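Okay, structure first, notes after.
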2 protein chains.
Amino acid sequence: MNENKLNILIAEDDLNLGFLLVEFLESRGIDVKLYRDGELAFNGFKGGDFNFCIFDVMLPKMDGFSLAKKVKIVDPKIPIIFLTARAMKEDKMKGYNIGADDYITKPFDEDELLCRIMAISNRLDFSNATCGKICQIGKYEFDFENLSLDFNGQIKRLTTREAEVLRMLCISKKKVVKREQILTAIWGENDYFAGRSLDVFISKLRKYFAEDSTVTIDNITKVGFILNC
Amino acid sequence: MNENKLNILIAEDDLNLGFLLVEFLESRGIDVKLYRDGELAFNGFKGGDFNFCIFDVMLPKMDGFSLAKKVKIVDPKIPIIFLTARAMKEDKMKGYNIGADDYITKPFDEDELLCRIMAISNRLDFSNATCGKICQIGKYEFDFENLSLDFNGQIKRLTTREAEVLRMLCISKKKVVKREQILTAIWGENDYFAGRSLDVFISKLRKYFAEDSTVTIDNITKVGFILNC
DNA sequence: AACGTGTTGTTAATGCGATGTTAAAATGAA
DNA sequence: TTCATTTTAACATCGCATTAACAACACGTT
């Protein structure tokens, strides 16, 4: 309910344009964070709580399309607008296939960009964006900020990783959370070892919930996990 | 329920362009209706069941913006794309203020228009909270993303393959889905063993639907299967 | 109708890859 | 260093898609 506020991540290496954008959008009451290359942007994205992205297509370290692909794995619904100097059709198609919501050719008009952002965000469904800081899981209370799991006043302290994994399961309670999504969002990469690591944490979490049998973390082979409670 | 199908109203007085658009979109499996002036378009809109609009800005009888305003009163959420020959900023702003979702300057590329339509319609909330991927099959509710089959709140979990096969049958409910099509799409090859495997999965799915006799998966020898419900 | 051939229905056995779990190594912060 | 935490390794277990095997069926031919 409180998260109806736009929180935009911008990835743009031309800092002149970048700062201009930041200033303009902030003047309109929008939260903005600027990153100057693809990798920084992705790390920023993992850490932050963004609900909108604007990516330059050409970026150092990782180009806008690759960045979009990874971001879409973590949050498939997040809207992305691409900025590009070129007006190539192939580029546009590529962007749309990845799931671009819009495409703007530089130089562009700031007001028009704002209009496009608004047009898209008006359709946004913020409803399940955040499940609050504290999440009820069966008889447990999970506080992500405090890394704590409270069971009848008995407080179990979680490690960062444990909390991160549990948070992802919590956000989509009773829904399948894909392995790929968790791995990309938390480990940043989706390889064998990260995968095994995730399994270890799932195993740990299950133990923590052992005292309330209504809480289970179920596996869907080859797909992911579901937190049921 | 399964209004996941696009039904587009086009208002365009240049009939060359109009018919071209209709033909192109219909070839992509989209329902389209063309009107050649603003008033006809609005009457058509009231009578029909459209979920997407494309308006030329300059139209006889009633211009695109006025048309949009009236349409938005009837259905405030309906997406509208404007077409215009002019690339005037004022026009664009006016369009966005009315609630345009996009803005395309003529001449434009048909593929790009399709991409933009898709980008917008993908964000569309066709159903209620549960974002659209759910399919009603008799008394069952099939959720492909969650690999679940809900019967009166009783949830049966599906495996990846089961869900994939069921999805293909669902997409063409009550229509023949060719063996070849399923095999190529899911198994990637159309040989004897893949075929037998498919038969095994069909058999499993039939069992899952045993509790509602109105749901049947019928075989068409040498051709494929039909999901009837 | 009876036959024969190829197709489909169904169940069960198999084998492999994915996951569960625990413990040991690595990492890294204090 | 020590301690907490995460990663890697090693082994146990489980679930799933495939394969096999046989029964039932469809359909064209005689």
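In the text below, chain A, chain B and the rest are named by the order of the sequence lines, each starting its count at 1. Here the structure is a predicted model, which is why all the values come from computation and not from measurement.
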**Item:** Pairwise distance CD1(B:I186) to CG(B:L198) - rounded to 0.5 angstrom
**Value:** 7.5 Å

**Prompt:** Looking only at heavy atoms, what is the nearest atom pair of A:L9 and A:G44, with distance?
**Reply:** CD1-C, 4.4 Å

**Message:** Working to the nearest 0.5 angstrom, can you tell me the gap between A:R36 CZ and A:L34 CG?
**Reply:** 9.0 Å

**Request:** Within residues 216-229 of chain B, find the residues that approach DNA chain C with a heavy atom at under 4.0 Å, and present them sorted by residue number.
**Result:** B:N219, B:T221, B:K222, B:F225

**Prompt:** More than 12 foreign heavy atoms under 6.0 Å from NZ of A:K46: is that the case here?
**Reply:** yes

**Fill in**
The reported gap from CG in A:L205 to CG in A:L227 (rounded to nearest 0.5 angstrom) is 9.0 Å

**Item:** Summary of protein contacts for nucleotides 24-30 of chain C, nucleotide by nucleotide, where a base hit scores B, a sugar-phosphate-only hit scores S (4.0 Å, heavy atoms)
**Value:** -------

**Prompt:** Taking NZ, NE, NH1 and NH2 as the nitrogens, is one of them in A:E164 or A:R161 under 4.0 Å from a carboxylate oxygen of the other?
**Reply:** yes

**Complete:** Contact check, residues 176-184 of chain A vs DNA chain C, heavy-atom distance under 4.0 Å, returns A:R179

**Prompt:** How are the rings of A:F45 and A:F50 set relative to one another: parallel (under 30°), tilted (30 to 60°) or perpendicular (over 60°)?
**Reply:** parallel

**Prompt:** Any donor and acceptor pair, going by atom type alone, linking the side chain of A:Q181 with main-chain N or O of A:A185 inside 3.5 Å?
**Reply:** no

**Request:** Drop me the distance from A:L6's CG to A:R28's CZ, to the nearest 0.5 angstrom.
**Result:** 13.5 Å

**Complete:** CG of A:L21 to CG of A:L113, rounded to nearest 0.5 Å, is 6.0 Å

**Request:** Indicate whether the side chain of A:D49 and that of A:N7 have a donor and an acceptor atom separated by less than 3.5 Å.
**Result:** no

**Request:** Check for a donor-acceptor pair, side chain of B:S27 on one end and backbone N or O of B:F24 on the other, with a separation under 3.5 Å.
**Result:** yes

**side chain to side chain contact (heavy atoms under 4.5 Å, CB included) between A:F52 and A:I78, worked out** = CA-CA 6 Å; A:F52 206 108; A:I78 199 166; 5.5 Å; no

**Request:** Anything under 4.0 Å to a heavy atom of chain A counts; send over the first and last such nucleotide of DNA chain D, read 5' to 3'.
**Result:** D:dT5 to D:dC16

**Prompt:** Among pairs that include at least one residue of residues 197-213 of chain B, which meet side chain to side chain donor-acceptor pair (under 3.5 Å), considering only residues two or more places apart or in two chains?
**Reply:** B:E162-B:Y208, B:R179-B:D199, B:R196-B:D199, B:D212-B:T214

**Item:** Residues in contact with DNA chain C, drawn from residues 194-208 of chain B - heavy-atom cutoff 4.0 Å
**Value:** B:R196, B:D199, B:V200, B:S203, B:R206, B:K207

**Complete:** Between B:G138 and B:C229 the two heavy atoms that sit nearest each other are N-CB, 3.9 Å

